[in-house]
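This structure is in structure tokens; I'll ask about it shortly.
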Amino acid sequence: MGTDKTTDLLTPFEIWEVMLDDSTIKFHKPLVLKPMRVPDDPEEPSVREYWQVIRPELAIDVFAETRADLIEAVHSAIRLAWKHFVQVSDDRLIPATKRIRQNYLALAEAVDG
């Protein structure tokens with residue numbers, strides 16, 4: 001029996017770590033993300049489909065055409081959020097971005113090397 005490609009794409013995936021330039025973001029437990037299917041044209045969903053992951057509490061809102069591209073987009077969003085929200089001083093952040101920073105710090109840490 002074959003595997004339904006759509007089901008594979010909708011299967012949750014785990015992020016354990018994300019590489020930065022000089023360190024690695026390591027999650028204390030895996031960050032589990034569940035893709036959603038998003039049609040390019042809601043009136044003609046068979047034309048083209050995208051896969052999306054949204055986690056606003058971590059500033060993740062990405063989409064891609066393939067699972068591999070979606071995972072890479074999630075990694076990029078995490079790197080961007082870490083750089084702009086976690087690696088800056090609290091006094092440079094507004095309340096919403098402070099919450100995102102706190103969420104990341106509760107879930108992960110940066111490890112040198």
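In this text the structure is predicted, and so the values were computed from the model without any measurement.
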Distance in Å, Ser76 OG paired with Ile71 CD1, rounded so as to fall on 0.5 Å steps:
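Reported value, rounded in 0.5 Å steps: 12.0 Å.
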Validation row: Pro35, Leu33 side chains within 4.5 angstrom (heavy atoms):
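Answer no - side chains too far apart.
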State the NZ-CG distance between Lys29 and Leu107, to the nearest 0.5 angstrom.
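It is 8.0 Å, given to the nearest 0.5 Å.
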Do Gln52 and Asp61 have side chains that approach each other closer than 4.5 Å (heavy atoms only, starting at C-beta)?
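Side chain of Gln52 against side chain of Asp61, heavy atoms only: contact under 4.5 Å found.
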Roughly how far, to the nearest 0.5 Å, is NE2 of His84 from OG1 of Thr97?
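It comes to 11.5 Å.
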Charged N-O contact under 4.0 Å between Arg79 and Glu72
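Salt bridge flag = yes for Glu72 with Arg79.
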Using the ring of each side chain (for Trp, its six-membered ring), is Phe63 parallel, tilted or perpendicular to Tyr50, with breaks at 30° and 60°?
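Phe63 and Tyr50: perpendicular rings.
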Would the distance check show the side chain of Arg67 and the main-chain N or O of Trp51 forming a donor-acceptor pair, the cut-off being under 3.5 Å?
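No: the side chain of Arg67 does not pair with the backbone of Trp51.
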Is there a side-chain contact between Glu109 and Ile25, using heavy atoms and a 4.5 Å cut-off?
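SC-SC contact between Glu109 and Ile25 ruled out.
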For the residue pair Leu31 and Glu14, establish whether any side-chain heavy-atom pair is separated by less than 4.5 Å.
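The answer is no; the side chains never approach within 4.5 Å.
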Interatomic distance, Lys98 atom NZ to Phe85 atom CZ [nearest 0.5 angstrom]:
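Nearest 0.5 Å value for the NZ-CZ distance: 13.5 Å.
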May I ask you to test the Val53-Ile60 pair for a side-chain heavy-atom distance under 4.5 Å?
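Yes, close enough: below the 4.5 Å cut-off.
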Gap between atom CG of Leu20 and atom CG of Asp112 - 0.5 Å precision:
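If we round to the nearest 0.5 Å, Asp112:CG and Leu20:CG are 10.0 Å apart.
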Common cluster, Leu80/Val88, ILVMFWY with side-chain heavy-atom separation under 4.5 Å:
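The answer is no; the residues belong to distinct hydrophobic clusters.
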Say you draw a straight line from CZ of Arg101 to CD of Gln87; how long is it, rounded to the nearest 0.5 Å?
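Those atoms lie 10.0 Å apart.
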For the pair Asn103 (side chain) and Arg99 (backbone), establish whether a donor and an acceptor sit closer than 3.5 Å, ignoring hydrogens and angles.
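Checked: pair present.
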Honestly curious: do Ile78 and Leu105 fall in one hydrophobic cluster under the side-chain, below-4.5 Å linking rule?
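Yes, because Ile78 and Leu105 connect within a single hydrophobic cluster, where side-chain heavy atoms sit under 4.5 Å apart.
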Beyond-backbone contact of Phe13 with Val74, side-chain heavy atoms, under 4.5 angstrom
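Side-chain contact under 4.5 Å: yes.
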